[in-house]
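I have placed the structure first, in the form of structure tokens, so that the comments after it can refer back to it.
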Amino acid sequence: MEKIDKLDRQILNIISKNARIPFKDVAEECGVSRAAIHQRVQRMIDMNVIVGSGYHINPKVLGYNTCTYIGVKLERGSMYKEVVPEFEKIPEVVECHFTTGPYTMLIKLYARDNEHLMELLNNKIQEIPGVSATETLISLRQSVKREIPICEVEKP
């Protein structure tokens, strides 16, 4: 993998705070040409340093008032590959992780309210073959949301 340099990190810092910032503004802040910014961003996309772009949607505005994390225990950890496609069929599930610790998986989902959450748990998630137990944690408030810091990685 190609290495990212100081200018790449400076670009990442700027665009991670505002993905809609015009390249001319990034170029001005970095002291290079707009073409250089465009080329570097494209290279970082090609290298999978930048893996997406888009808008962040506020779930509450759409009526999803309950953010929930659910620890899922499976009958066997190897059932993960059969269970993931079932979670993909549930639009309210926005993240799914294969984990270590007390749960085989951890999912994040949004529900309209507690009644909707109970419906998702009882009629969808707990009905998936292989799911043996769940533990539900409701987020009362998200206090921090950010991208990973863009800094030099220390070498051991």
Inset, instruction - Using atom types as modelled and distance alone, determine if a side-chain donor or acceptor of T134 lies under 3.5 Å from a backbone N or O of V72. - result: no

Inset, instruction - Look at the side chain of K81 and the backbone N and O of S78, then say whether any donor-acceptor pair between them is shorter than 3.5 Å. - result: yes

Check the hydrophobic clustering (I, L, V, M, F, W, Y; side-chain heavy atoms under 4.5 Å; chains of links allowed) and say if [X] and [Y] are grouped together.
X	Y	answer
L137	M118	no
Y64	V94	yes
I90	L106	no
Y69	L120	no
I21	V49	yes

Does some side-chain heavy atom of [Y] sit less than 4.5 Å from a side-chain heavy atom of [X]?
X	Y	value
H56	K145	yes
P129	E82	no
V32	L7	yes
T66	Y110	no

Inspect the surroundings of [atom1] in [X] and state if more than 12 heavy atoms from other residues, nucleotides or ligands are less than 6.0 Å away.
X	atom1	result
E115	CD	no
L62	CG	yes
Q126	CD	yes
K73	NZ	no

Inset, instruction - Please check if any side-chain donor atom of Y103 sits under 3.5 Å from a side-chain acceptor atom of E135, or the reverse. - result: yes

Legend entry - N123 and E127: side chain donor to acceptor below 3.5 Å: no

Looking at every heavy atom in both [X] and [Y], which two are closest together, and how far apart are they?
X	Y	result
S16	N13	OG-O, 3.2 Å
L74	T104	N-OG1, 3.1 Å
V131	I125	CG2-O, 3.7 Å
I14	V26	CG2-CG2, 3.9 Å
M105	C96	CE-SG, 3.2 Å
S132	E75	OG-N, 4.0 Å

Legend entry - From CA spacing to verdict: side-chain contact (heavy atoms from CB on, under 4.5 Å), I4, M47: CA-CA 10 Å; I4 62 172; M47 292 171 48; 3.9 Å; yes

If I take atom [atom1] from residue [X] and atom [atom2] from residue [Y], how far apart are they, to the nearest 0.5 angstrom?
X	Y	atom1	atom2	answer
L12	I148	CG	CD1	12.5 Å
H38	F23	NE2	CZ	6.5 Å
N114	H116	CG	NE2	11.5 Å
D113	E119	CG	CD	9.5 Å
L109	E95	CG	CD	10.5 Å
K17	E147	NZ	CD	11.0 Å

Legend entry - R40 with D5: basic N within carboxylate O range, under 4.0 Å: yes

Inset, instruction - Identify whether the distance between the nearest side-chain nitrogen and carboxylate oxygen of D8 and R43 falls below 4.0 Å. - result: yes

Inset, instruction - Could you go through the side-chain contact (heavy atoms from CB on, under 4.5 Å) check for I70 and V93 one step at a time? - result: CA-CA 10 Å; I70 301 172; V93 173; over 6 Å; no

Legend entry - side-chain contact (heavy atoms from CB on, under 4.5 Å) between K124 and E86, intermediate numbers included: CA-CA 9 Å; K124 299 222 174 164; E86 297 304 313; over 6 Å; no

Inset, instruction - List the steps and the verdict of side-chain contact (heavy atoms from CB on, under 4.5 Å) for I11 and C30. - result: CA-CA 7 Å; I11 294 166; C30 293; 4.1 Å; yes

